[in-house]
Visitor: 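Below you'll find the structure I mean.
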Amino acid sequence: MSNKILVTGGLGFIGSHVVVELQNEGFEVVIIDNLSNSSIDVLKGITAITKKQPIFEKLDLRDKTAVIDFFKKDQDIIGVIHFAASKAVGESVNLPLLYYENNLNTLIYILQELQNKETSNFIFSSSCTVYGQADSLPITESAPIKAAESPYGNTKQIGEEIIRDTCKVSENLKAIALRYFNPIGSHESAKIGELSIGTPQNLVPFITQTGIGKREQLSVFGDDYPTKDGTCIRDYIHVVDLAKAHVAALKRLIDGDNTDNYEVFNIGTGKGSSVLEVIKTFEEVSNQKLNYKIVDRRAGDVIAAYADTTKANKVLGWKAKLSLKDALISAWKWEKGLN
Ligand code: WQD
């Protein structure tokens with residue numbers, strides 16, 4: 001029986017950490033990546049950790065013929081974890097067609113191939129961004145899906161609908177969408193982590209780059225929100241805990257334990273932390289003051305978002321184990337290793 005898993009975007013931040021956990025669990029891994037937002041060095045990092053080099057194929061999933069040829073050539077893939085997508089919220093506002101083509105066409109081409117297989121297991125990288133500003137906190141999977149604030153967020157919403165509708169007419173296709181909250185940190189070995197190409201858009205890489213001196217100062221986007229200290233609240237989850245959630249979801253599908261052939265889970269810690277709390281924790285971890293200033297709010301930011309993880313805890317048997325401090329220690333170790 002094959003145990004071969006395809007990980008698209010497997011050289012990316014989350015994808016590479018999932019590859020490590022899959023190999024730790026004995027799966028054979030094939031990575032497809034077009035290297036548009038990652039580096040071939042990540043393959044070395046994965047191999048250095050697991051001592052097993054995954055099969056790698058440089059391929060752009062927007063090339064439909066290439067996707068068809070790939071699945072024709074490699075018939076014994078039993079599961080696909082699909083990370084390959086563009087993910088910069090701000091960029092998506094300026095380049096909507098790039099995001100709709102890259103994030104949706106690639107999903108459609110893969111699903112078209114999986115539909116033809118006897119049985120297939122599909123895990124989709126979704127995001128809490130589909131909830132927008134939820135009406136109540138913590139956010140459950142039954143919270144209403146709000147109008148997306150960006151084309152990026154819209155591609156996650158539409159992506160989930162495409163999978164749901166396809167699963168309705170393809171009993172052989174079983175799928176799980178994992179709605180990530182805010183992934184941060186890196187593998188404890190610091191051999192893989194978050195590679196920020198260009199100016200980091202996300203909070204934690206900007207903090208660590210400021211801490212190491214690569215950035216002059218962190219701008220905190222607003223401290224006049226209706227929260228405990230005026231700054232936005234998010235659910236920051238260690239990327240290794242997030243990676244383990246993917247293995248739990250995949251095993252659920254392979255073992256046939258799923259009660260519906262399309263299921264959705266929130267993957268977070270269940271705890272909210274403010275921007276200033278993250279900064280304070282980083283200062284403890286790095287034993288240095290962080291240079292930051294308060295500036296205007298960033299358009300599109302929600303006030304607060306943190307997960308109700310009851311469903312993933314109960315149904316997947318998965319729970320986040322690592323703390324915000326653990327994640328920041330690993331992020332800081334990674335940043336120092338880069339420099
Ligand atoms: C977190 C908080 C900012 C940078 C986004 C996507 C989400 C997912 C994760 C892909 C906010 C504040 C940030 C800075 C700041 N991406 N901040 N100064 O926006 O919650 O989520 O990234 O899957 O889909 O929406 O994450 O890290 O950008 O921001 O003050 O330089 O940090 O205002 O309150 P976000 P983030």
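Indexing begins at 1, ligand by ligand and atom by atom, following the structure's order. Quick caveat: nothing in here was measured; it's all calculated off a predicted structure. Quick note: numbers below take in every heavy atom, side chains included, and nothing from hydrogens, waters or symmetry partners.
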Visitor: So that I can tick it off, tell me whether Glu25 and Lys251 are bridged by a salt bridge, with the cut-off set at under 4.0 angstrom between side-chain N and carboxylate O.
Guide: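 Salt bridge between Lys251 and Glu25, a charged N being under 4.0 Å from a carboxylate O: yes.
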
Visitor: Residues two or more places apart in sequence or in another chain: which of them pass salt bridge (Lys or Arg N to Asp or Glu O under 4.0 Å) with Glu283?
Guide: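 Salt bridge (Lys or Arg N to Asp or Glu O under 4.0 Å) list for Glu283, sorted by chain: Lys289.
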
Visitor: Compute both the distance and the angle, then confirm whether Arg297 meets the cation-pi test with Tyr225: under 6.0 Å from the six-membered ring centre, within 45 degrees of the axis.
Guide: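 Positive - Arg297 is close enough to the ring of Tyr225 and near enough to its axis.
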
Visitor: Determine whether the aromatic ring centres of His246 and Phe265 lie less than 6.0 Å apart.
Guide: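 That pair fails the under 6.0 Å test.
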
Visitor: As a test of reading the model: which residues have a non-hydrogen atom less than 4.0 Å away from ligand 1?
Guide: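 Within 4.0 Å of ligand 1, protein side: Val89, Ser127, Thr129, Tyr152, Asn182, Gln201, Asn202, Leu203, Leu218, Ser219, Val220, Phe221, Cys232, Arg234, Tyr236, Val275, Arg298, Asp301.
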
Visitor: Can you give each donor-acceptor pair under 3.5 Å made by side-chain atoms of residues 196-204, sequence neighbours left out, with the distance rounded to 0.1 Å?
Guide:
| residue | atom | partner | partner atom | Å |
| --- | --- | --- | --- | --- |
| Gln201 | NE2 | Thr199 | O | 3.0 |

Visitor: So which residues get pulled into Met1's cluster when ILVMFWY side chains under 4.5 Å apart are joined, directly or through others?
Guide: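 Met1 clusters with nothing; isolated.
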
